Q: 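Take a look at this one; I'll ask things after.
In what follows, every chain begins at residue 1, and chains take the letters A, B, ... in the order their sequences are listed. This structure is a prediction, so every number in the text was calculated from the model and none was measured. Excluded from the calculations below are hydrogen atoms, water molecules and symmetry mates; all remaining heavy atoms, backbone and side chain alike, are included.
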Protein chains: 2
Amino acid sequence: MADINISSLPDRSAAQADQGSHPAEPIWDLIELLFFAYRDFVSDPDDVLAKFSFGRAHHRVLHFVNRHPGMKVADLLEVLKITKQSLGRVLKQLVDQGYVVQKEGENDRRQRLLYVTPKGEALAMRLAGLQTERIARALGQLGPNAHEAARRFLVAMIDADGRDGVQKLIARADRARRPRS
Amino acid sequence: MADINISSLPDRSAAQADQGSHPAEPIWDLIELLFFAYRDFVSDPDDVLAKFSFGRAHHRVLHFVNRHPGMKVADLLEVLKITKQSLGRVLKQLVDQGYVVQKEGENDRRQRLLYVTPKGEALAMRLAGLQTERIARALGQLGPNAHEAARRFLVAMIDADGRDGVQKLIARADRARRPRS
DNA sequence: ATATTTATGTCAGCCATGTTGACATATTTC
DNA sequence: GAAATATGTCAACATGGCTGACATAAATAT
């Protein structure tokens, strides 16, 4: 209930074709909805993290290390788009407190490959569980192809040059988790 | 091109029905895509804002004041979910530099209703334009009902108790902008 | 009419997390 | 052996959250 308010408005999205003339009307609804949805999306983990004296920065690191084990530090910097000094601060805490370990690369011994400990995995999965609940609840209210539609939309929103990298990242991690499906 | 990688995976989203037994597999793809999409979504405005020595906080304030003129300070606090001290800092700068003005409420003279100046509107619209370009580009790559699908998904992702408020906010602003359509 | 509540502003200080710049160390590659 | 690479670290700074305390004006309640 209550989602008739907005969804019944005509689509004047300017997506199809704004053939040159005057500046298109901003797509207000999606701009604002992205803000609100993301705000709430990150809020569930925040509460749990606070109990561990961790913040969002720790969450992001823990998430990607858990999801993509063996990541190089450089990969993580690339993904998060932050500086190594910023990463260093939170990564050090995660390592010191036993959530993440670093192993020397086998081929290249300069590399410090990142892995979660069981303790790190437990926390990462707990946080992912919260976000999954929210997403599942949302998808449950929509049609059967809502997952697919959301995925396509979000992929298309990513910078064109990063898009392939992101999709490969996800696909690779997906394969790794379920080796032969 | 390139969006076949992911979209061909089966949907094991756990949305439909996880009847109790064991913990559902996290919905990794949407969790990560939300991160990447939002990261890029806010990055375009950031570059412009930097030229004005403004940050994301200024953007959020300017956006909501532009989009919902006459907002009370209390409304803005509610929407942004930050403290009045945090808001005060950036709002003061926006007022001092002539992007936002505050008018005494007519009924309640304690209120300081917020409005953008022409200068403020120009900046707000420029930033909204950047985000609209990205969204329009994304929607353009998808089917004709992608806008609707994205809207539904994002609405469903919002906290249940805030959902109605958000939708009313958007609908109201929408009506105000195009008085009789 | 006075007391209380409400809307807003402000000061001071703290914390998390981003930044730049410089430099150190180990290892690989040329 | 020299140069490039992967990583770590120190110092300093900026932004934008936070709490707590307190101030003012206007509305509302007793």
Q: Is any N or O donor-acceptor pair between the side chain of Arg60(B) and the base of dG16(D) shorter than 3.5 Å?
A: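 Counting by modelled atom types and ignoring angles, no donor-acceptor contact under 3.5 Å is found here.
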
Q: Could you list the protein-to-nucleotides 25-30 of chain C atom pairs, N/O on both sides, closer than 3.5 Å?
A:
{"residue": "dT27(C)", "atom": "OP1", "partner": "Arg109(A)", "partner atom": "NH2", "Å": "2.9"}
{"residue": "dT27(C)", "atom": "O2", "partner": "Arg110(A)", "partner atom": "NH1", "Å": "3.4"}
{"residue": "dT28(C)", "atom": "OP1", "partner": "Arg109(A)", "partner atom": "N", "Å": "3.1"}

Q: Answer yes or no: is there a donor N or O on one side and an acceptor on the other, between the side chain of Ser86(A) and the main chain of Ile82(A), under 3.5 Å?
A: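 Side chain of Ser86(A) to backbone of Ile82(A): no pair is present.
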
Q: Where the side chain of Lys92(A) is concerned, which of dT10(C), dT17(C), dT9(D) is the nearest nucleotide?
A: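 Taking heavy atoms from C-beta onward, the closest nucleotide is dT9(D).
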
Q: Could you tell me whether the side chain of Gln102(A) has a donor or acceptor atom within less than 3.5 Å of a complementary atom in the base of dG8(D)?
A: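 For Gln102(A), whose side chain was compared with the base of dG8(D), there is no donor-acceptor pair (under 3.5 Å).
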
Q: Take the protein atom CG of Leu94(A) and the nucleotide atom P of dT17(C), then report the distance between them rounded to whole Å.
A: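 Distance check: Leu94(A) CG to dT17(C) P gives 10 Å.
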
Q: Taking atom C1' of dG8(D) as reference, at what distance in whole Å does atom CG of Leu77(A) sit?
A: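 Roughly 11 Å, once rounded to whole Å.
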
Q: Please confirm whether the backbone N or O of Met157(B) pairs with a side-chain atom of Arg134(A), one donor and one acceptor, at under 3.5 Å?
A: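 Present.
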
Q: Can you find a side chain N or O atom of His58(B) that sits less than 4.0 Å from OP1 or OP2 on dT15(D)?
A: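 Checking His58(B) against dT15(D): no side-chain N or O falls below 4.0 Å of OP1 or OP2.
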
Q: For Gln111(B) and dA27(D), what is the distance between atoms CD and P respectively, to the nearest whole Å?
A: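 Atom-to-atom, Gln111(B) to dA27(D), this comes out as 9 Å.
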
Q: Among dA7(C), dA22(C), dC18(D), which nucleotide sits nearest the side chain of Ile82(B)?
A: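 Closest nucleotide among those given: dC18(D).
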
Q: Show, in sequence, the C-alpha distance, side-chain angles and deciding distance for Tyr99(B) and Tyr115(B), and conclude whether the ring pair (Phe, Tyr, Trp, His ring centres under 6.0 Å) test is met.
A: CA-CA 9 Å; Tyr99(B) 291 87; Tyr115(B) 298 88; over 10 Å; no

Q: Do Asp108(B) side-chain atoms and Gly105(B) backbone N/O form a donor-acceptor pair below 3.5 Å?
A: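 Answer holds: no.
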
Q: Taking CG from Leu91(A) and P from dG8(D), how many angstroms apart are they, rounded to a whole number?
A: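 Computing the Leu91(A):CG to dG8(D):P distance gives 7 Å.
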
Q: Could you check whether Asp159(B) pairs with Arg137(A) (Lys NZ or Arg NE/NH1/NH2 to Asp/Glu carboxylate O, under 4.0 Å)?
A: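 Salt bridge absent between Asp159(B) and Arg137(A).
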
Q: In whole Å, I'd like the distance from the CZ atom of Arg56(A) to the P atom of dG17(D).
A: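 Atom CZ in Arg56(A) sits about 9 Å away from atom P in dG17(D).
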
Q: With sugar-phosphate meaning primed atoms plus P, OP1 and OP2, does Gly88(B) contact a base, only sugar-phosphate, or nothing at under 4.0 Å between heavy atoms?
A: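 Result for Gly88(B) = nothing.
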
Q: Any side-chain N or O of Ser86(A) under 4.0 Å from OP1/OP2 of dT17(C)?
A: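 Answer is no, no contact under 4.0 Å.
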
Q: Separation of Leu87(B) atom CG from dT8(C) atom P, in whole Å?
A: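 About 10 Å, once rounded to whole Å.
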
Q: Regarding Asp174(A) and Arg67(A), does a basic nitrogen lie under 4.0 Å from an acidic carboxylate oxygen?
A: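 Yes, Asp174(A) and Arg67(A) are salt-bridged.
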
Q: To the nearest Å, how far apart are Asp46(B) CG and dT17(C) P?
A: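 Answer to the nearest Å: 18 Å.
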
Q: Counting only side-chain nitrogens and oxygens, does Thr83(B) get under 4.0 Å of the OP1 or OP2 atom of dG17(D)?
A: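 So the side-chain polar atoms of Thr83(B) never come under 4.0 Å of the phosphate oxygens OP1 or OP2 of dG17(D).
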
Q: For Arg89(A) and for Lys84(A), locate the closest nucleotide of DNA chain D by heavy-atom distance; then report the residue assigned to the nucleotide nearer the 5' terminus.
A: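 Taking each residue's closest nucleotide, the earlier one in sequence belongs to Lys84(A).
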
Q: With side-chain contact (heavy atoms from CB on, under 4.5 Å) as the criterion, how do Thr132(B) and Glu25(A) come out once you've worked through the C-alpha distance, each side chain's angles and the decisive distance to 0.1 Å?
A: CA-CA 8 Å; Thr132(B) 295; Glu25(A) 174 78 352; over 6 Å; no

Q: Quick check on DNA chain C: between Asp75(B) and Phe54(A), whose nearest nucleotide comes earlier from the 5' end?
A: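 The residue closer to the strand's 5' end, by nearest nucleotide, is Asp75(B).
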
Q: Between Leu113(B) (CG) and dG9(C) (C1'), how many Å, whole number?
A: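 After rounding, the gap between these two atoms is 16 Å.
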
Q: Please say yes or no: joined through hydrophobic side-chain contacts below 4.5 Å, possibly via intermediate residues, are Leu87(A) and Phe54(A) part of one cluster?
A: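 Cluster IDs for Leu87(A) and Phe54(A) match.
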
Q: Nearest to the Gln85(B) side chain among dG18(C), dT19(D), dA11(D), which nucleotide is it?
A: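 Per side-chain heavy atoms of Gln85(B), the pick is dT19(D).
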
